[in-house]
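In what follows, chains carry the letters A, B, and so on, assigned in the order in which the sequence lines appear, proteins first and then strands, with residues in each chain numbered from 1.
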There are 2 protein chains.
Amino acid sequence: MNPKFYSLPEEKQQQIIRAGFRVFSQSSYRKSPMSEIAAAAGISKSLLFHYFQNKKELYLFLWDTCARITVEEMEKGGAYDQHDLFSSMDSGMQVKLRLMRKYPDIGVFAVRAFYEKDPEVSSDIQKSMGQYLAVHAGKKLKEIDPNDFIPGIDLEMMYREMYLASEGCLWEYLQRGSLDIDAMQKEFEELVEFWKKVYLRREREDI
Amino acid sequence: MNPKFYSLPEEKQQQIIRAGFRVFSQSSYRKSPMSEIAAAAGISKSLLFHYFQNKKELYLFLWDTCARITVEEMEKGGAYDQHDLFSSMDSGMQVKLRLMRKYPDIGVFAVRAFYEKDPEVSSDIQKSMGQYLAVHAGKKLKEIDPNDFIPGIDLEMMYREMYLASEGCLWEYLQRGSLDIDAMQKEFEELVEFWKKVYLRREREDI
DNA sequence: GATTATGTTGACCGATACGGTCAGCGGAGG
DNA sequence: CCTCCGCTGACCGTATCGGTCAACATAATC
């Protein structure tokens with residue numbers, strides 16, 4: 001790819017990246033035309049080909065960018081640090097939301113790219129994903145203390161249940177085209193409050 | 001549309017419908033070619049045009065079929081009947097799962113069609129949706145008794161939380177291409193059991 | 001003001017894919 | 001043998017695709 005892309009004003013770089021995420025998140029690789037990305041970025045198709053040699057290069061660049069900034073933001077946001085269950089879930093979601101504010105379609109793009117079947121790119125995606133997993137694996141949650149929670153509860157189910165509800169929340173907002181991240185954030189925080197009240201031992205006693 | 005479609009063996013009708021749901025659920029209306037649907041259905045493009053005058057007619061037929069069979073199955077499954085919270089949630093999900101067994105992509109198709117922006121079909125979709133809503137609206141849940149649940153719980157939050165987790169569960173399974181409905185059903189039942197234990201008053205006392 | 005370097009585009013190319021048509025194949029029934 | 005009918009491959013005109021290129025605009029350099 002053309003190194004001049006990086007000397008572009010940051011605003012313009014992000015415009016192009018956002019456009020790429022947007023278009024590639026809506027259709028498969030093969031059905032996402034360069035012309036559409038250029039139009040969404042507000043530049044000409046020629047200029048897009050000036051920065052990226054071909055479609056594949058742009059696609060893999062976007063995938064790499066997606067993975068890179070996700071890890072960066074996660075580290076910056078302290079999502080890998082050792083906290084209690086709720087606050088680590090909270091910091092993880094905060095990072096996700098901050099990322100979506102900057103790049104609204106990054107989440108859907110990541111999922112689509114990961115499951116992309118087109119032989120022109122699929123193997124590269126899988127290989128790259130493997131490297132990222134190898135580097136950042138093993139960052140686990142601190143062992144949680146069962147005594148913090150209401151007695152008899154299935155902690156694994158509780159965790160999975162919270163995860164699923166978070167995903168469902170995200171997915172529901174993604175469905176409507178115009179995603180209101182402020183509303184999402186507020187709803188997510190309400191969810192966490194609700195879980196604390198229901199699942200935590202001491203909080204329950206306050207009722 | 002050609003009435004001969006209905007005199008086709010049911011198996012073949014379903015093949016075509018399934019293929020339509022599949023292709024239209026993966027891309028937008030404009031980017032879903034008839035040739036791909038025909039190939040997925042195992043018939044020639046010509047034959048597809050023999051049963052449906054054009055792409056739009058097929059699309060609207062699929063949308064109508066989707067709405068019709070959903071309502072039919074919901075009624076047959078007793079999802080509109082008056083039950084307690086958990087069992088009505090359960091029967092609703094059972095219907096959804098049974099539908100997905102027969103037409104794996106019907107759910108994603110419905111969502112995509114509802115949010116479809118293409119002017120060639122969007123207005124027809126919205127109009128048709130309005131009619132369905134007008135007919136089947138107002139079927140509400142029975143008033144639930146707060147005394148059944150643990151004291152002090154926010155019932156509205158509880159309901160929304162359960163809804164979100166169900167959606168998140170569905171969405172997660174949909175992401176992996178090959179969806180294992182049996183596993184989904186099992187996991188959903190586990191979720192309901194978990195909720196009962198955590199949210200219901202008498203169940204909690206059993207612990 | 002002339003010249004050069006840099007950023008950007010519209011027009012264009014060959015190839016492919018699209019929605020839709022149609023003549024005709026092949027098998028079953030008369 | 002003929003006729004009907006389900007079904008297809010080949011085809012048509014057009015649109016769109018990935019990618020190229022000459023040229024325009026703008027600003028810096030001399």
Contact class for Lys31(B) (heavy atom, under 4.0 Å): base, sugar-phosphate, or nothing? nothing
Please determine, for the side chain of Lys55(B), which listed nucleotide (dG19(C), dG19(D), dT8(D)) has the closest atom? dG19(C)
Checking Lys197(A) against Glu193(A) for the salt bridge (Lys or Arg N to Asp or Glu O under 4.0 Å) test, could you report, in this order, the C-alpha distance in whole Å, the side-chain angles of both residues, the deciding distance, and whether it holds? CA-CA 6 Å; Lys197(A) 272 213 182 82; Glu193(A) 279 313 303; 5.5 Å; no
Between dG7(C), dT9(C), dC17(D), which one does the side chain of Ser44(A) approach most closely? dT9(C)
Please check if the number of heavy atoms outside Arg68(A) that lie under 6.0 Å from its CZ is greater than 12. yes
Rounded to whole Å, please give me the gap between NZ in Lys4(A) and P in dA5(C). 12 Å
When rounded to whole Å, the CD1 to P distance for the pair Ile37(A) and dT16(D) reads 17 Å
note: His50(A), atom NE2; dG18(D), atom C1'; distance rounded to Å ~ 18 Å
Gap between atom OH of Tyr29(A) and atom NZ of Lys55(A) - 0.5 Å precision: 5.5 Å
Taking 4.0 Å as the cut-off, does a side-chain nitrogen or oxygen of Ser46(B) come that near to OP1 or OP2 on dT8(D)? no
Just how far, in rounded Å, is C1' of dG19(C) from CD of Glu57(B)? 14 Å
Using a heavy-atom cut-off of under 4.0 Å over every strand shown, decide if Lys56(B) touches base, sugar-phosphate, or nothing. nothing
Interatomic distance, OH@Tyr51(B) vs CG@Leu58(B), rounded to 0.5 Å, equals 13.0 Å
If you check the Pro33(B) side chain, which of dG20(C), dT8(C), dG19(C) turns out closest? dG19(C)
Just how far, in rounded Å, is P of dG19(D) from CZ of Phe49(A)? 5 Å
Phosphate OP1/OP2 of dG6(D) contacted by Tyr51(B) side-chain N/O (<4.0 Å): no
Sugar-phosphate only, base, or nothing, as touched by Ser7(B) at under 4.0 Å among non-hydrogen atoms: nothing
Please report the distance, rounded to the nearest Å, between OH in Tyr59(A) and P in dG18(D). 14 Å
Side chain of Leu47(A), heavy atoms from C-beta onward: which of dC18(C), dT9(C), dT8(D) has the nearest atom to it? dT9(C)
Distance in angstrom units between Phe5(B) CZ and dG6(D) C1', rounded: 15 Å
So what does Lys45(B) touch, heavy atoms closer than 4.0 Å: a base, only the sugar-phosphate, or nothing? base
Between Trp195(A) and Phe188(A), what is the ring plane arrangement, given parallel below 30°, perpendicular above 60°, and tilted in between? perpendicular
From CD1 of Ile43(A) over to C1' of dG10(C), roughly how many Å is that when rounded to an integer? 15 Å
